[in-house]
Amino acid sequence: MKKVFSIESIDENLLLKFEGKMSLYEVSKYEKKLATVQTTSIKNITIDLTNLDELDTTAAIFIYNIQKEFASKKVTLECHNEKLLSTLELVQENMSHYSENIKPKKLSFLQKLGKIFYDYYDGFSAFIEFFGQLFASNLRYLTSLKNIRYKEIAFEINESAIKALPIVALTSFLIGLVIAYQSAYQLKIYGANIYIVDMLGISIFRELAPVITAIVIAGRSGSAFTAQIGSMKITQELDAMKTMGFEPFAFLVLPRIIALMITMPILIFVADIMAILGGMIVANVDLSISPELFIDRLSRVVAAKHFFVGIIKGPFFAFLIATIGIYRGLIVKDDTQSIGFNTTKSVVEAIFAVIVCDAIFSIAFTNLGI
């Protein structure tokens with residue numbers, strides 16, 4: 001069957017003539033041919049379908065788009081085939097309805113506000129559901145020592161904590177150095193050099209070392225949890241695990257949480273030592289306080305409770321960081337952009353949760369006189 005598409009332009013008139021069979025396979029060629037025609041001076045357009053025997057929906061949409069594109073001009077459709085006309089009318093009716101539906105509706109201020117609150121509520125509900133699954137899995141997981149996956153926990157301890165020791169130690173050392181240096185300038189004015197030990201000991205043990213360590217771990221290990229589990233979800237490894245009868249919570253979630261809760265107090269302890277070391281160096285160089293005098297003063301004026309307050313915060317911070325990081329990984333959608341988005345969100349939310357948790361601890365310990 002012949003397939004002909006001819007274009008004739010006379011003065012202000014344009015004739016588009018279709019013959020034979022018109023289908024999806026010819027539309028792209030017809031579009032390219034039509035794009036080469038200059039239509040600025042054209043006022044009348046005639047679409048001749050009198051010799052057209054057959055067309056599919058793609059071809060009908062093509063003709064509809066021509067009519068819509070040149071709506072500002074006089075467009076005449078010549079067709080005597082009832083079957084073709086019914087197809088064109090059906091396409092026109094559905095396309096016009098579709099065009100109306102896809103127009104974006106402007107939301108009022110209250111609608112936008114309601115949508116924001118609903119999104120937060122929906123996300124919070126999903127997070128609470130994840131918490132429920134987590135605790136239910138914990139109960140099953142810890143009922144027997146045989147269920148505990150020691151190898152996976154040891155692997156995660158190495159990945160999320162031992163490999164993080166250098167960056168935690170360096171960050172804490174620099175923080176202690178900077179805090180001591182800034183404080184030394186003010187203390188020298190009043191001749192209160194020795195009190196730098198009191199200030200550093202209490203502030204580092206109680207607040208700075210735990211919070212700085214948690215922030216570093218949130219940026220390093222928390223984001224890694226999200227990226228790892230998100231990648232596994234995209235590659236359908238999680239679905240494969242479920243198909244083979246393996247519980248993702250037992251294999252992926254709980255070992256990471258337990259490992260981080262075990263190692264966070266150790267990381268805080270290392271951060272305490274490095275931050276105090278940084279402060280000791282500044283005190284010796286800038287305030288002429290010897291290391292022996294510094295350590296002696298530290299042991300006499302800084303009570304052990306300040307050290308244990310910081311250590312106790314560790315497992316709670318670790319639980320928040322690991323839980324948020326894993327949750328964000330589990331809700332990753334099937335595209336790579338979602339991994340980046342949820343990784344960023346996991347770091348921000350984990351740091352925010354750590355700061356809120358630290359504030360709650362501070363208020364509670366202060367009221368208890370600790």
Smallest separation among heavy atoms of [X] and [Y], with atom names:
| X | Y | result |
| --- | --- | --- |
| Ala271 | Ala209 | CB-CB, 4.0 Å |
| Ala218 | Ile321 | CA-CG2, 3.8 Å |
| Phe269 | Ile311 | N-CD1, 4.1 Å |
| Ile339 | Ala227 | CG2-CA, 4.3 Å |
| Ile324 | Ala353 | CD1-CB, 3.8 Å |
| Ala318 | Leu260 | CB-O, 3.3 Å |

Quiz item: Can you get from Leu170 to Leu277 by hopping between Ile, Leu, Val, Met, Phe, Trp and Tyr side chains that sit under 4.5 Å apart?
Solution: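 Yes.
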
Practice problem: Determine whether Leu14 and Phe18 fall in the same hydrophobic cluster, where Ile, Leu, Val, Met, Phe, Trp and Tyr are linked whenever their side-chain heavy atoms lie under 4.5 Å apart. | Solution: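 Yes, Leu14 connects to Phe18 through the hydrophobic network.
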
Quiz item: So which of Leu293, Leu287, Leu187 actually passes side chain to side chain contact (heavy atoms under 4.5 Å, CB included) with Ile194?
Solution: Leu293

Quiz prompt | ring-ring contact (aromatic ring centres under 6.0 Å, His included): pairs with one or both residues in residues 345-370, sequence neighbours excluded | solution = Phe316-Phe361, Phe361-Phe365

Practice problem: Would you check if the side chain of Asp122 reaches a backbone N or O of Tyr118 as a donor-acceptor pair within less than 3.5 Å? | Solution: no

Quiz item: For Val332, does its backbone N or O pair with a side-chain atom of Lys233 as donor and acceptor, under 3.5 Å?
Solution: yes

Quiz prompt | Between Glu156 and Thr263: side-chain donor-acceptor atoms closer than 3.5 Å | solution =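 The criterion, which ignores hydrogens and geometry beyond distance, is not satisfied for Thr263 and Glu156.
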
Exercise. Taking atom types as modelled, find out whether Thr46 and Asp48 have a side-chain donor-acceptor pair closer than 3.5 angstrom.
Key: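 Note: Thr46 and Asp48 side chains miss the donor-acceptor criterion.
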
Exercise. Answer yes when Asp198 and Arg297 have at least one side-chain N-carboxylate O distance shorter than 4.0 Å, and no when they do not.
Key: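 Judged by the 4.0 Å cut-off on N to carboxylate O distance, Asp198 and Arg297 do form a salt bridge.
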
Practice problem: Before accepting this row, confirm whether a basic side-chain N of the pair Glu78/Lys17 lies closer than 4.0 Å to the acidic partner's carboxylate O. | Solution: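 Salt bridge absent between Glu78 and Lys17.
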
Quiz item: With Asn284, which residues qualify under side-chain hydrogen bond (donor to acceptor under 3.5 Å, both in side chains), at least two apart?
Solution: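 Asn284 satisfies side-chain hydrogen bond (donor to acceptor under 3.5 Å, both in side chains) with no residue once adjacent residues are dropped.
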
Quiz item: Looking at CD of Gln186 and CE of Met199, how far apart are the two atoms once the value is rounded to the nearest 0.5 Å?
Solution: 10.5 Å

